[in-house]
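To start, the structure under review is shown below, and the notes come after it.
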Protein chains: 2
Amino acid sequence: MAINKKEAFTDTDQKLADLAKAMAHPARIAILRILAQRNTCICGEIVEVMPLAQATVSQHLKELLNANLIKGTIDGKKSCYCINWETFKNFNADFNTLFGDLQVSAANQACC
Amino acid sequence: MAINKKEAFTDTDQKLADLAKAMAHPARIAILRILAQRNTCICGEIVEVMPLAQATVSQHLKELLNANLIKGTIDGKKSCYCINWETFKNFNADFNTLFGDLQVSAANQACC
DNA sequence: TTTTATCATCGTATATTTACGATATATAAT
DNA sequence: ATTATATATCGTAAATATACGATGATAAAA
């Protein structure tokens with residue numbers, strides 16, 4: 001059991017799920033919030049603000065990179081990260097395609 | 001190791017992460033898509049469309065219920081589900097508070 | 001009442017995620 | 001050259017998630 005059935009779904013659904021998964025941990029949301037609020041590269045400083053060990057933060061950053069939610073470069077001794085707004089725009093678009101169009105009709109929905 | 005550190009983060013970040021987690025599987029995205037497209041209760045029929053065993057689909061539905069992303073009632077022999085638009089509206093709002101405001105300035109962002 | 005149909009829950013095997021210490025790597029400082 | 005600093009990677013233990021068969025519960029049909 002626990003065979004991976006994820007490839008049995010459409011690419012769109014897998015893509016959305018992967019993005020959601022990358023955001024499915026408060027530590028990663030917190031990282032994104034920090035980067036979004038400053039809206040510029042942050043070199044270092046991230047680990048100090050997080051209530052997690054350095055190795056763990058690094059792991060979370062890697063997951064955000066894999067999902068293309070952030071961009072990173074190495075600047076001398078430090079590593080710099082910033083939001084990848086392109087991905088967020090796409091996510092918002094896909095998300096709204098899925099659900100947004102119908103939200104207007106939510107008011108006159110009579111079920112459950 | 002693997003001690004749960006999730007409560008070390010803010011309620012807002014935990015809430016967003018939980019919602020993201022509930023959507024972090026293509027099967028659950030697919031279910032939400034089906035419900036959203038019809039925009040009405042669906043009684044039965046969901047299992048037949050999914051490439052998963054009945055028990056697994058039921059498990060996914062339960063997670064969506066827990067996250068308040070869908071509503072469910074029992075109608076005789078069948079169970080009926082529909083989108084909980086309220087939650088989606090809130091999610092969109094929270095999500096946009098986090099990231100949406102800054103997307104305008106993404107163009108003149110010069111880093112990484 | 002017995003049977004059938006629909007769905008939830010239980011038990012369980014496997015896969016994946018989370019977290020950290022230890023270690024590696026690479027630059028900057030001395 | 002040596003040391004200090006910053007960050008990534010490795011190894012690994014524990015926690016969660018995924019998936020399904022078996023079983024339970026409930027209501028409609030016979």
Side-chain angles (χ1 to χ4, degrees), chain A residues 1-9 13-14 17-31 34-35 41-67 69-82 112, chain B residues 1-9 13-14 17-31 34-35 41-67 69-82 112:
Chain A
M1 288 114 214
I3 301 145
N4 219 346
K5 289 246 173 162
K6 286 178 183 173
E7 75 286 341
F9 298 90
D13 286 354
Q14 286 184 58
D18 281 347
L19 276 175
K21 187 157 134 189
M23 292 191 281
H25 193 286
R28 295 196 290 272
I29 295 281
I31 292 171
I34 293 168
L35 293 177
C41 269
I42 295 184
C43 304
E45 304 175 66
I46 296 181
V47 178
E48 292 133 59
V49 187
M50 305 285 293
L52 296 171
Q54 180 265 323
T56 309
V57 174
S58 196
Q59 202 173 290
H60 282 304
L61 285 166
K62 197 181 176 185
E63 284 178 70
L64 290 171
L65 275 173
N66 276 339
L69 286 168
I70 63 175
K71 290 186 277 184
T73 50
I74 296 172
D75 176 29
K77 198 157 57 171
K78 301 197 169 183
S79 287
C80 299
Y81 292 102
C82 62
C112 291
Chain B
M1 288 111 214
I3 303 144
N4 221 346
K5 290 246 173 160
K6 286 178 183 173
E7 75 286 342
F9 297 90
D13 286 355
Q14 286 185 57
D18 282 347
L19 276 175
K21 188 156 132 190
M23 293 192 280
H25 194 286
R28 295 196 289 271
I29 295 283
I31 291 170
I34 292 168
L35 294 177
C41 268
I42 296 185
C43 304
E45 304 175 66
I46 295 181
V47 179
E48 292 132 58
V49 187
M50 304 285 292
L52 296 171
Q54 180 265 325
T56 309
V57 175
S58 194
Q59 203 171 289
H60 283 305
L61 285 165
K62 196 181 178 185
E63 284 178 70
L64 290 170
L65 276 173
N66 275 339
L69 286 169
I70 63 176
K71 290 185 278 185
T73 50
I74 296 172
D75 175 28
K77 199 156 55 171
K78 301 198 169 185
S79 286
C80 300
Y81 292 103
C82 62
C112 291

- Message: Can you pull out every side-chain hydrogen bond (donor to acceptor under 3.5 Å, both in side chains) where at least one residue sits in residues 19-28 of chain A? Sequence neighbours excluded, please.
- Response: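 Residue pairs with at least one partner in residues 19-28 of chain A: R28(A)-H60(A), R28(A)-E63(A).
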[X] side-chain N/O to [N] phosphate OP1/OP2 under 4.0 Å:
{"X": "S79(B)", "N": "dA8(C)", "value": "yes"}
{"X": "Y81(B)", "N": "dT6(C)", "value": "no"}
{"X": "K21(A)", "N": "dT17(C)", "value": "yes"}

- Nearest listed nucleotide, side chain of L61(B), among dT18(C), dC7(C), dA8(C):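 It is dA8(C).
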- How about C43(B) and C80(B): are their SG atoms under 2.5 Å apart?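 Yes; the two sulfurs sit under 2.5 Å apart.
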- Message: Could you work out, with salt bridge (charged side-chain N to carboxylate O under 4.0 Å, His left out) as the rule, every residue matching D13(A), not counting sequence neighbours?
- Response: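 With neighbours one apart ignored, the set is R33(B).
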Close N/O contacts between protein and nucleotides 24-30 of chain C (under 3.5 Å):
none

- Shortest non-hydrogen contact from F9(B) to A30(A)?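 Heavy-atom minimum between the residues: CD2-CB, 4.1 Å.
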- Query: Shortest non-hydrogen contact from M50(A) to A27(A)?
  - Reply: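 Looking at all heavy atoms of both residues, the shortest contact is CE-O, 3.5 Å.
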What nitrogen or oxygen pairs link the protein and nucleotides 19-23 of chain C at under 3.5 Å?
{"unit_1": "dA19(C)", "atom_1": "OP1", "unit_2": "K5(B)", "atom_2": "N", "d": "3.4"}
{"unit_1": "dA19(C)", "atom_1": "OP2", "unit_2": "H25(A)", "atom_2": "NE2", "d": "3.0"}
{"unit_1": "dA19(C)", "atom_1": "OP2", "unit_2": "H60(A)", "atom_2": "NE2", "d": "3.1"}
{"unit_1": "dA19(C)", "atom_1": "N7", "unit_2": "Q59(A)", "atom_2": "OE1", "d": "3.4"}
{"unit_1": "dA19(C)", "atom_1": "N7", "unit_2": "Q59(A)", "atom_2": "NE2", "d": "3.3"}
{"unit_1": "dC20(C)", "atom_1": "OP1", "unit_2": "K5(B)", "atom_2": "NZ", "d": "2.8"}
{"unit_1": "dC20(C)", "atom_1": "OP2", "unit_2": "A53(A)", "atom_2": "N", "d": "2.9"}
{"unit_1": "dC20(C)", "atom_1": "OP2", "unit_2": "T56(A)", "atom_2": "OG1", "d": "3.0"}
{"unit_1": "dC20(C)", "atom_1": "N4", "unit_2": "Q59(A)", "atom_2": "OE1", "d": "3.3"}

- For I74(B), side chain to side chain contact (heavy atoms under 4.5 Å, CB included) partners two or more places apart: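 With neighbours one apart ignored, the set is S79(B).
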- Query: Looking at residues at least two apart in the chain, or sitting in another chain, which of them share a side chain to side chain contact (heavy atoms under 4.5 Å, CB included) with I42(B)?
  - Reply: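 Counting only residues at least two positions away or on another chain, I42(B) forms a side chain to side chain contact (heavy atoms under 4.5 Å, CB included) with I34(B), L35(B), R38(B), E45(B), I46(B).
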- Item | Rounded distance [0.5 Å steps], CG in L61(A) versus OG1 in T56(A) |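 The distance works out to 11.0 Å.
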- S58(A) near the nucleic acid: base, sugar-phosphate alone, or nothing, with a heavy-atom cut-off under 4.0 Å?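 Contact class for S58(A): base.
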